[in-house]
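What follows is a single structure, written as structure tokens, with notes after it.
This chain uses plain numbering: 1 for the first residue, then up along the sequence.
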Amino acid sequence: MDLLDLRMWRWREGAPLQRDCLHGVGLVEYDGQLLALGGCSKAWPGYGHDEFVSLSATDVVSCYDLRSDSWSELPARLPLKLAYATPVVVRTAGAQL
């Protein structure tokens, strides 16, 4: 994984994601950590092959800690198998995390 240091505008190498589901992974930053959500074990084959993608989609959540430059797989799973999605983080007043 390549990381861009926004203070120095330089790229550096980071720890690789430790799973083979590298296609269609949704990424979102939250509280200094990068969450990798879902993904496919096989690449998107093109139009008309939705069954292929849905069969290889996963419910795995991995977490990259920027401070320690390391990945871990979280025990929590997504409520459904997911790939090629764009996750977002929304904070609301009074929400408990």
Quick check: closest heavy atoms across [X] and [Y], and the distance to 0.1 Å?
| X | Y | value |
| --- | --- | --- |
| Lys81 | Ala57 | CD-O, 3.4 Å |
| Glu29 | Asp31 | OE2-N, 3.4 Å |
| Ala36 | Val25 | CB-CG1, 3.5 Å |
| Leu78 | Gly38 | CD1-N, 3.6 Å |

Given a cutoff of under 4.5 Å between side-chain heavy atoms of I, L, V, M, F, W and Y, with clusters grown through shared members, what are the other residues clustered with Leu6? Leu4, Trp9, Trp11

Is the backbone of Cys40 close enough, under 3.5 Å, to the side chain of Thr58 for a donor and an acceptor to pair up by distance? no

At what distance, to the nearest 0.5 angstrom, does CZ of Arg12 lie from CG of Asp5? 7.0 Å

Does a side-chain heavy-atom distance below 4.5 Å link [X] with [Y]?
| X | Y | answer |
| --- | --- | --- |
| Leu17 | Ser62 | yes |
| Leu80 | Asp59 | no |
| Leu34 | Leu27 | yes |

Contacts under 3.5 angstrom, residues 66-76 side chains, donor-acceptor by atom type, not counting sequence neighbours:
| residue | atom | partner | partner atom | Å |
| --- | --- | --- | --- | --- |
| Ser68 | OG | Ser70 | OG | 2.7 |
| Asp69 | OD1 | Ala15 | N | 2.9 |
| Asp69 | OD1 | Tyr64 | OH | 2.3 |
| Trp71 | NE1 | Ala15 | O | 3.0 |
| Glu73 | OE2 | Arg77 | NH1 | 3.3 |
| Glu73 | OE2 | Arg77 | NH2 | 3.0 |

